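Notes follow the structure.
This one's a predicted model, so the numbers in the text were calculated from it and none came from an experiment.
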Amino acid sequence: MGAAVTRAIRNFNLENRAEREISRMKPSPAPRHPSTKNLLREQMSSHPEIKGEIARKDDKLLSLLKDVYVDSKDPVSFVQVKDAGTPQKPKEFRLPKDHHSDMMNVNNIPKGKISIVEALTLLNNHKLYPDTWTAEKIAEEYHLEQQDVNSLLKYFVTFEVKILPPEGKKAIQSK
């Protein structure tokens, strides 16, 4: 049943659509430059045999063209060959340092990388206890490069909230 409906829709108004396509204007070649037109006219008038050569079909060339068989394949890129030739080393993983990994479903972390929670923890530890949590200790503890840890401590800071009392009132001292 579905094929009959599809065929009816496909063949609907077929003759009119075909007639419209046949009568449509075909694209014309791009206009030639005026200087080129003059040169072509001069060449055609001085060598009338060229017009015949252009219109003539060469049977020998046509038979050679029929004998041509092209079999092509996509070239293999250099990157794919390189990847296929060298086996990839398995990555080393480590377990997260704290119990907050359950929130983010992180089971293991590649060596040389840290999670967001670990990054915030180590930044906070370094801010609170800079003598004990040095860049060297952090790099050793979290299996990171020394240069990466130095950049992390230099360019990233944890948020700090300070509540300032109004100028006219005294702050209530906490007991």
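Nearest heavy-atom pair across A135 and V149 is O-CG1, 3.5 Å. Between R17 and R10 the shortest heavy-atom distance is NH2-O, 2.8 Å. Residues S45 and P48 come closest through the heavy atom pair O-CD, 4.1 Å. Shortest non-hydrogen contact noted between L120 and T158 is O-CG2, 4.0 Å. Closest non-hydrogen pair, E141 versus W133, comes out as CG-CZ3, 4.4 Å.
From L144, atom CG reaches atom NZ of K111 across 11.5 Å, with rounding to the nearest 0.5 Å. Interatomic distance, N125 CG to K137 NZ, rounded to the nearest 0.5 Å: 8.5 Å.
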Name every donor-acceptor pair, under 3.5 Å, that has one atom in a side chain of residues 26-34 and the other anywhere in the protein, sequence neighbours excluded.
{"unit_1": "K26", "atom_1": "NZ", "unit_2": "E21", "atom_2": "O", "d": "3.4"}
{"unit_1": "K26", "atom_1": "NZ", "unit_2": "I22", "atom_2": "O", "d": "3.4"}
{"unit_1": "K26", "atom_1": "NZ", "unit_2": "R24", "atom_2": "O", "d": "3.3"}
{"unit_1": "H33", "atom_1": "ND1", "unit_2": "S35", "atom_2": "N", "d": "3.2"}
{"unit_1": "H33", "atom_1": "ND1", "unit_2": "S35", "atom_2": "OG", "d": "2.8"}

Please report, to 0.1 Å, the donor-acceptor pairs under 3.5 Å made by any side chain of residues 51-70, with sequence neighbours excluded.
{"unit_1": "E53", "atom_1": "OE1", "unit_2": "R56", "atom_2": "NH2", "d": "3.2"}
{"unit_1": "D58", "atom_1": "OD1", "unit_2": "K60", "atom_2": "N", "d": "3.4"}
{"unit_1": "S63", "atom_1": "OG", "unit_2": "D59", "atom_2": "O", "d": "3.4"}
{"unit_1": "S63", "atom_1": "OG", "unit_2": "K60", "atom_2": "O", "d": "2.7"}

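Clustering ILVMFWY residues whenever any of their side-chain heavy atoms sit less than 4.5 angstrom apart, transitively, puts Y155 in the very cluster that holds L122. If you chain together hydrophobic residues whose side chains sit under 4.5 Å apart, V5 and L14 never meet in one group.
You'll find the side chain of F156 reaches within 4.5 Å of the side chain of L123, heavy atoms only. The shortest side-chain heavy-atom distance between N150 and Q146 falls under the 4.5 Å cut-off. With contacts defined as side-chain heavy-atom distances shorter than 4.5 Å, the pair L152/I138 does not qualify.
More than 12 heavy-atom neighbours from other residues, nucleotides or ligands sit within 6.0 angstrom of CD on E136. Counted within 6.0 Å of CD on E49, heavy atoms from surrounding residues, nucleotides or ligands total more than 12; the atom is thus considered enclosed. Heavy-atom neighbours of K37 NZ from other residues, nucleotides or ligands within 6.0 Å: at or below the threshold of 12.
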